[in-house]
Amino acid sequence: MVSRDKGFSTKAVHAGDKRGSSTGAVVEPIYETSVFAFSSTKQLVDVMSEKAEGYVYTRYGNPTTRSVENKMAELEQSEDAAVFSSGMAAIATTFFTLVSSGDHVVSTRDLYGGTLEFFNKVLPKFGVEATLVEATDLDEIRSATRSNTKVIYAETPTNPTLKVADLSAVAKIGKEKGATVVVDSTFASPYNTKPTELGVDVVVHSATKYLCGHNDVTAGVVCGSERFVQELKKMRKSLGGTLDPLAAWLLLRGLKTLGLRMERHNSNGIKVATYLERHPKVKTVHYPGLESHPQHAIAKRQMTGFGGVVSFEIDRDFETTAKFVENLKLCSLASSLGGTETLVTQPVTASHYFVSVEDRKKAGITDQLIRLALGIEDPEDIIADLEQAFNKI
Ligand SMILES: *Cc1c(COP(=O)(O)O)cnc(C)c1O
């Protein structure tokens with residue numbers, strides 16, 4: 001293990017690796033095996049009962065997935081971590097570990113669509129109710145808690161309007177109320193925000209986004225205390241959302257360049273947001289790095305950079321907004337974020353397509369809203385692409 005006082009990128013490159021293995025390979029191999037053999041029944045039983053270290057079956061654990069878990073634990077400054085086959089598998093398994101029938105959850109309202117669906121449709125089937133509150137209203141969060149509230153859940157920055165929840169304050173409410181505070185930090189990445197430093201108990205990520213970083217892997221990660229992760233892994237064994245070793249290896253590789261990529265996402269973010277804010281055809285820009293952002297002060301306190309997602313409204317109708325998006329050439333019309341390629345969506349036809357008009361209105365998601373998930377291309381080229389599309393409307 002790399003000691004905690006090393007820099008972020010040093011940890012991202014070296015933490016969790018097993019230098020000194022018999023072959024001398026500098027890079028962790030891919031243990032693409034579903035099962036492990038034993039020389040005796042006693043040895044098998046010792047590993048099964050956790051008396052001895054080892055691996056039995058890849059759904060339970062695998063050396064490649066273990067390496068990436070160790071690296072993630074260091075990057076999120078948590079005791080341990082577990083990886084999953086997707087961000088949603090990570091989130092669902094976290095909830096099935098933390099709540100039982102009769103429990104209550106408080107969550108911020110602006111959520112990833114899959115998580116919102118999970119709170120509205122899945123948890124109620126198991127007798128768990130979720131109350132959704134405004135991410136930026138601490139009083140509303142506090143007063144929504146009940147004696148049976150087990151989890152306070154927040155996403156920050158939020159999708160697609162980039163609201164920022166004050167994590168230290170939310171963590172304090174969790175302590176006060178005896179609830180576990182879980183944060184989906186996908187939009188921040190461990191480079192930009194360290195939720196555990198702010199008192200958050202559990203950090204989840206869709207590793208499909210910044211962590212893997214190349215728009216080519218689906219994965220999830222959960223970081224937390226050793227005790228919690230132990231329980232979480234038992235639940236993962238039952239629900240089966242394990243990450244395949246090859247995907248784990250790609251995540252290991254992606255993480256090594258996370259610091260470099262985040263620097264570029266952050267600088268592209270502020271450059272493009274500033275360009276958009278000055279553009280006469282743009283009505284509003286949502287980006288936590290802009291002074292005009294309502295939670296800019298909180299963002300400055302809890303983030304070291306503001307990421308690559310910028311959303312903005314243009315001064316036109318739905319059809320013209322759709323045309324604008326279609327006219328972009330470098331930026332692809334696609335739903336994800338955090339990868340090397342710049343992607344663009346009109347949230348009303350993408351992430352919020354199935355959300356009612358009323359709920360969209362509440363969340364500030366208009367027909368004219370465009371979400372840019374900036375990649376790591378040169379900012380001048382992204383801006384030139386936007387400019388040529390603006391010139392056509
Ligand atoms: C993409 C995303 C998820 C879901 O992750 P998958 O890897 O697609 O399952 C969860 N939360 C946020 C904030 C996301 O952007």
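In each ligand, atom 1 is the first atom listed, and ligand 1 is the first ligand listed. Computed from a predicted model, the values in this text were never measured in an experiment. Throughout, numbering of the chain's residues begins at 1 and tracks the sequence.
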My understanding is that only residues two or more places apart in sequence, or in another chain, count here; which of them pass side chain to side chain donor-acceptor pair (under 3.5 Å) with Ser332?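 Counting only residues at least two positions away or on another chain, Ser332 forms no side chain to side chain donor-acceptor pair (under 3.5 Å).
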
Going by the rule side chain to side chain donor-acceptor pair (under 3.5 Å), which residues pair with Thr136 if we only count those two or more places apart in sequence or in a different chain? Glu134

Residue set satisfying side-chain contact (heavy atoms from CB on, under 4.5 Å) with Arg66, at least two apart, ordered chain then number -> Tyr55, Glu69, Asn70, Asp80, Lys233

Is it true that Glu277 and Tyr287 share a donor-acceptor pair across their side chains at a distance under 3.5 Å? no

Between ligand 1 and the protein, tabulate every N or O atom pair separated by less than 3.5 Å, reporting distance only.
unit_1	atom_1	unit_2	atom_2	d
ligand 1	5 (O)	Ser206	OG	2.9
ligand 1	7 (O)	Gly87	N	2.8
ligand 1	7 (O)	Ser206	OG	2.9
ligand 1	7 (O)	Thr208	OG1	2.6
ligand 1	9 (O)	Gly87	N	3.0
ligand 1	9 (O)	Met88	N	2.8
ligand 1	11 (N)	Asp184	OD2	2.7
ligand 1	15 (O)	Lys209	NZ	2.7

Whether over 12 other heavy atoms sit under 6.0 Å from Lys175 NZ: yes

Parallel, tilted or perpendicular, judged at 30° and 60°: which one describes the rings of Phe390 and His279? parallel

